[in-house]
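Taking it in order: structure first as structure tokens, then the write-up.
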2 protein chains.
Amino acid sequence: MNELIHLKSAGLKSTVPRLKVLSLFESGNDRHLSAEDVYKKLLASGDDVGLATVYRVLNQFEQAGLLVKHHFEGDKSVFELNQGEHHDHIVCLQCGRVEEFYDATIELRQKKAAAERGFAVHDHSLYIYANCIKPQCLYKS
Amino acid sequence: MNELIHLKSAGLKSTVPRLKVLSLFESGNDRHLSAEDVYKKLLASGDDVGLATVYRVLNQFEQAGLLVKHHFEGDKSVFELNQGEHHDHIVCLQCGRVEEFYDATIELRQKKAAAERGFAVHDHSLYIYANCIKPQCLYKS
DNA sequence: TTGTTAATGCTAATCATTCTCATTTGTAAT
DNA sequence: ATTACAAATGAGAATGATTAGCATTAACAA
């Protein structure tokens, strides 16, 4: 199984909670999950992990580069599988739909803006908060 | 005094705590302040306001459009005077220096990216986390 | 199979922020 | 000026997300 390899090569011992969390993300049903989301989903599938462990595992995975953490507006943070290519996010304020996008020009100009001001870019986050135009966006997530 | 006008036209009753908070921001010594920062600065100048009041006032000012709230990496949020023109931020991860910038192309392409995907932009936030190149960045804020 | 070390699962603690509510203050009308 | 009343304040409790502490359990190498 795929997950095992990931854990090993990340220098993480392969434990039951870690495998479950990882395969949750790899199942791909929801790309963006908060710790609470993960916890609930695991409980729902009968898997019995502690919330503290979920937090720990998510942070370890982030450190190991398996997941990326995002802070959408305000409160809780969400994680997504790290698939190599950086991208930014558009979040619908009504239904919570999250769309990913990448714009090379934006990336470039960011680097430039930083360099001009005496900074070396380490990281950056761009979130667009918006409203769906489509009619199917009438329900709250 | 200037502050009084601002409060009035924002539909806010002019009270002692509100005037103090507002003039703190208008003094311009620090553009970006957290609730905690404001609280401490007021205490330091012998002004005796409650932390809860600081939070309340900051949020009211944000609602009223006098201040803008930002969520830099992670935890606490910071406020800055709203001077009309939107801008993005570069934050030094070492010393905490915050630099503001505006790039019309970036703005434009954001709008475009959103529109193409069926979103109407409501708001957006772009933070660049970086390291100062300059040598004077050797101290923590 | 065993032993050691790291990982887990509770629960309590922490941190930022909000809420409650009794007391005080601004203000518009007297 | 005074009064009257709603709105604002302050202190501390409450909340929500996240982390820490610690006794118990599970990986994995020998």
Let me know the distance between [atom1] of [X] and [atom2] of [N], rounded to the nearest Å.
{"X": "K40(B)", "N": "dC15(C)", "atom1": "NZ", "atom2": "C1'", "value": "12 Å"}
{"X": "L51(B)", "N": "dG10(D)", "atom1": "CG", "atom2": "P", "value": "11 Å"}
{"X": "K20(B)", "N": "dT25(C)", "atom1": "NZ", "atom2": "P", "value": "12 Å"}
{"X": "L58(A)", "N": "dT19(D)", "atom1": "CG", "atom2": "C1'", "value": "13 Å"}
{"X": "Y39(A)", "N": "dT18(D)", "atom1": "OH", "atom2": "P", "value": "14 Å"}
{"X": "F72(B)", "N": "dA16(C)", "atom1": "CZ", "atom2": "P", "value": "17 Å"}
{"X": "K76(B)", "N": "dT18(D)", "atom1": "NZ", "atom2": "C1'", "value": "15 Å"}
{"X": "Y55(B)", "N": "dT20(C)", "atom1": "OH", "atom2": "C1'", "value": "18 Å"}

Exercise. Are R97(B) and E99(B) within salt-bridge range, i.e. N to O under 4.0 Å?
Worked result: yes
Exercise. Are the charged groups of E100(A) and R31(A) less than 4.0 angstrom apart, N to O?
Worked result: yes
Ignoring the backbone of [X], work out which of [options] is nearest its side chain.
{"X": "V49(B)", "options": "dT17(C), dG10(D), dC28(D)", "result": "dG10(D)"}
{"X": "N59(B)", "options": "dT18(C), dT17(C), dT18(D)", "result": "dT18(C)"}
{"X": "K13(B)", "options": "dA20(D), dA7(D), dT8(C)", "result": "dA7(D)"}
{"X": "T53(A)", "options": "dA17(D), dT9(D), dG9(C)", "result": "dG9(C)"}

Seminar exercise, completed: Between R56(A) and V57(B), whichever has its closest DNA chain D nucleotide further toward 5' is V57(B)
Exercise. Centres of the Y127(A) and F72(A) rings: under 6.0 Å?
Worked result: yes
Problem set entry | Centroid-centroid distance, H89(B) to H70(B), less than 6.0 Å | yes
Problem set entry | First of A52(B) and T15(B) reached from the 5' end of DNA chain C, by closest nucleotide | A52(B)
For this session: Starting from the 5' end of DNA chain C, give me the residue, V16(A) or S77(B), whose nearest nucleotide shows up first.
Result: V16(A)
Exercise. Should we count NE2 of H122(A) as having more than 12 external heavy atoms under 6.0 Å?
Worked result: no
